[in-house]
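The block underneath contains the structure these notes are about, expressed in structure tokens.
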Number of protein chains: 2
Amino acid sequence: MSAITVLLVDDHLVVRSGLKALLGTQPDIEVVAEASSGEEALTAMKVHSPAVVVMDLAMGPGMDGIEAIRKLRERNRRQAVLVFTTYDSDADIVRAVDAGAMGYLLKDAAPEEIFAAVRGAVQGKSVMSAPVASRLFQQLRNPDEVLTPREAELLSLLTEGLSNRELGQRLFISEATVKTHLAHIYAKLGVETRAAAISTAIRREGMR
Amino acid sequence: MSAITVLLVDDHLVVRSGLKALLGTQPDIEVVAEASSGEEALTAMKVHSPAVVVMDLAMGPGMDGIEAIRKLRERNRRQAVLVFTTYDSDADIVRAVDAGAMGYLLKDAAPEEIFAAVRGAVQGKSVMSAPVASRLFQQLRNPDEVLTPREAELLSLLTEGLSNRELGQRLFISEATVKTHLAHIYAKLGVETRAAAISTAIRREGMR
DNA sequence: AGCGGGATCAGCCAAAAGGCTGAGAGACCA
DNA sequence: TGGTCTCTCAGCCTTTTGGCTGATCCCGCT
């Protein structure tokens, strides 16, 4: 039987090289192409039609990983896309799965985990790293932690370093209301201070 | 002439694997050991005495990269340490150089750049990626805005959302001293509040 | 009609943060 | 030796933030 063909997409040559070396040790897996951007990935896809695409989410300027996944899936739904990234950001996980990713692996995953994910992907199985899975479950169990649109808006401004007064002026609400929203946001994020809120917002929601 | 011996330190197996594959293509460079944490690096150092250490700064829990560099240099100043990391954070650059790093490369560096850095390091030459160098130059032009190593360290912890008290405990200094440092940091960053400091630090320094 | 969630606001109080001035110890350098 | 820089600390005062309770309004759903 023929080997599983794989396309690697990552803007870091070192990471591609490492993945290629790791996957190359498996006789039933073959890396047939590499790409360093979303655009390149789409081209390589047409040329090689790999069975599985292993892709980093963060890819410098240009098309980001999520968008690339969506476009790949639009063109050919048979291809399985595995996300392979450094951070287990809540927002990214949700967006990636929503865009059609079959699996979500972290870069510190064990080689066996990566091999299993690639093999599973071609069979339509979904594989994800333990930390990623636990985050998803936690979100499903605690819908209470989902921010309302207004709260999200406020949090977004908060990450720009505004004071309560400034937030109020920007959103045309009183400082008291700002404080109420903030209290709710802190509770949902599980933090006590605005500094921690900013920090976790940027880290876990990918806000910039 | 014998090959340049190298120790790789990175918590991601994939990255180590990739670096090893890349460096392995060069006849005059030999990867003699790998480590996935600062602690492991110190041990590997004693056993193998490599000429060059290539190390990631961000390494999960435990000893961070900066601390590892400092300890490595304490034990043997002949070893050249090259930082090999994803982000070109101002604060990290200052701290790494202060700790004794010989070079600072980004993970999207070209292979030739990496080879040149390794070869340069054993000859005492300092090599850094273009974005890193330009940051340093910019800082040299505006010395007033350059954070001291201690300030950079504090700012780094600040972005994690700690309070003044926590910062003091973490750094073994009084809260008064923390406030003094913060005042200086705010002045240098051109902000008035800690929230704004965190925000600009993360945006402009690529901190995570 | 009633109920719940979201958004809005107020007041009170304690804790945290920030602005200011001053100052000592140690390192480094001219 | 003197000057400069960095790191350290203290006290005082104002502003900001956070925790708490309670309240009104609107909207959508039952």
Side-chain angles (χ1 to χ4, degrees), chain A residues 142-201, chain B residues 66-67 70 73-74 77 90-91 93-100 139-202:
Chain A
N142 303 345
D144 289 354
E145 294 177 8
V146 179
L147 298 180
T148 68
R150 193 56 158 173
E151 286 163 358
E153 190 180 3
L154 213 142
L155 179 58
S156 169
L157 288 176
L158 189 66
T159 62
E160 290 176 17
L162 303 186
S163 70
N164 290 349
R165 181 170 309 173
E166 291 169 322
L167 289 172
Q169 289 168 350
R170 196 74 83 83
L171 296 175
F172 305 106
I173 57 181
S174 80
E175 214 175 315
T177 306
V178 170
K179 292 174 86 172
T180 304
H181 285 309
L182 284 182
H184 294 158
I185 291 172
Y186 294 166
K188 290 181 180 178
L189 293 185
V191 299
E192 283 99 45
T193 68
R194 89 169 32 210
I198 294 173
S199 164
T200 65
Chain B
I66 302 285
E67 198 180 340
R70 211 178 296 281
R73 299 279 302 171
E74 275 172 16
R77 306 191 64 80
D90 282 351
I93 295 173
V94 171
R95 290 172 60 216
V97 170
D98 185 63
Q139 294 199 333
L140 284 180
R141 276 201 303 274
N142 305 8
D144 290 354
E145 296 174 9
V146 179
L147 298 181
T148 68
R150 192 58 156 173
E151 286 163 359
E153 192 180 2
L154 212 141
L155 179 58
S156 170
L157 288 176
L158 189 67
T159 62
E160 289 175 18
L162 304 186
S163 70
N164 291 349
R165 181 169 312 176
E166 291 168 321
L167 290 172
Q169 288 169 349
R170 197 75 85 82
L171 297 176
F172 305 107
I173 57 180
S174 80
E175 212 176 318
T177 306
V178 171
K179 292 172 92 173
T180 303
H181 284 308
L182 285 181
H184 294 158
I185 291 173
Y186 296 165
K188 290 180 179 178
L189 292 185
V191 300
E192 283 99 45
T193 69
R194 88 168 33 211
I198 294 173
S199 166
T200 64
I202 293 177

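Residue numbering restarts at 1 for every chain, and letters A, B, ... go by the order of the sequence lines. Computed over heavy atoms, backbone and side chain alike; hydrogens, waters and symmetry mates excluded.
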Side-chain donor/acceptor of B:Ser199 to backbone N/O of A:Thr159, under 3.5 Å: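 At least one qualifying donor-acceptor pair exists.
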Angle between the end axes of the helix from C:dA1-D:dT30 to C:dA30-D:dT1, five pairs per end, to the nearest 10 degrees?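 Axis angle across the helix from C:dA1-D:dT30 to C:dA30-D:dT1, nearest 10°: 40°.
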Nucleotides bounding contact with chain A, strand DNA chain D, heavy-atom threshold 4.0 Å: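 Footprint of chain A along DNA chain D, 5' to 3': D:dT16 to D:dG19.
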Contacts of type side-chain contact (heavy atoms from CB on, under 4.5 Å), residue [X], not counting sequence neighbours:
X: B:Ser174; answer: B:Ala176, B:Thr177
X: B:Glu166; answer: B:Leu162, B:Ser163
X: B:Gln169; answer: B:Arg165

For side chain to side chain contact (heavy atoms under 4.5 Å, CB included), just list the numbers for B:Leu171 and B:Val178, CA-CA rounded to whole Å, side-chain angles, deciding distance to a tenth of an Å, and then say yes or no. CA-CA 9 Å; B:Leu171 297 176; B:Val178 171; 5.7 Å; no
Decide yes or no on side chain to side chain contact (heavy atoms under 4.5 Å, CB included) for A:Leu158 and A:Ile185, but give the supporting numbers first. CA-CA 11 Å; A:Leu158 189 66; A:Ile185 291 172; 5.6 Å; no
Value in whole Å for how far the [atom2] atom of [N] lies from [atom1] of [X]:
X: B:Tyr186; N: C:dC20; atom1: OH; atom2: P; value: 14 Å
X: A:Glu153; N: C:dT8; atom1: CD; atom2: C1'; value: 14 Å
X: A:Leu154; N: C:dG6; atom1: CG; atom2: C1'; value: 14 Å
X: B:Ile198; N: C:dA17; atom1: CD1; atom2: P; value: 10 Å
X: A:Arg194; N: C:dA16; atom1: CZ; atom2: C1'; value: 12 Å
X: A:His184; N: C:dA7; atom1: NE2; atom2: P; value: 10 Å

Just to be sure I understand the geometry, which residues of residues 174-183 of chain A put a non-hydrogen atom under 4.0 Å away from DNA chain C?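 Correct list: A:Ser174, A:Ala176, A:Thr177, A:Thr180, A:His181.
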A:Arg170 side chain near A:Glu160 side chain, heavy-atom distance below 4.5 Å: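 Result yes, sub-4.5 Å side-chain heavy-atom pair found.
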Hey, are the side chains of A:His181 and A:Leu167 touching, using non-hydrogen atoms and a 4.5 Å cut-off?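 No, every pair of side-chain atoms sits at 4.5 Å or beyond.
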Thinking salt bridges, do B:Arg70 and B:Glu67 make one under a 4.0 Å N-O criterion?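 Salt bridge absent between B:Arg70 and B:Glu67.
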Mapping B:Leu171 and B:Thr193 to their closest nucleotides on DNA chain D, which lands nearer the 5' end?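 Taking each residue's closest nucleotide, the earlier one in sequence belongs to B:Leu171.
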Would you say B:Arg165 reaches C:dA15's phosphate, i.e. side-chain N/O to OP1/OP2 under 4.0 Å?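 For C:dA15, OP1/OP2 do not have a side-chain N/O of B:Arg165 under 4.0 Å.
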Is the phosphate of C:dA17, meaning OP1 or OP2, less than 4.0 Å from a side-chain N or O of B:Asn164?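 Yes.
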Would you please test B:Leu147 and B:Leu154 for side chain to side chain contact (heavy atoms under 4.5 Å, CB included) and show each step? CA-CA 10 Å; B:Leu147 298 181; B:Leu154 212 141; over 6 Å; no
Going through the distances and angles, do A:Leu189 and A:Leu155 end up as a side chain to side chain contact (heavy atoms under 4.5 Å, CB included)? CA-CA 11 Å; A:Leu189 293 185; A:Leu155 179 58; 4.3 Å; yes
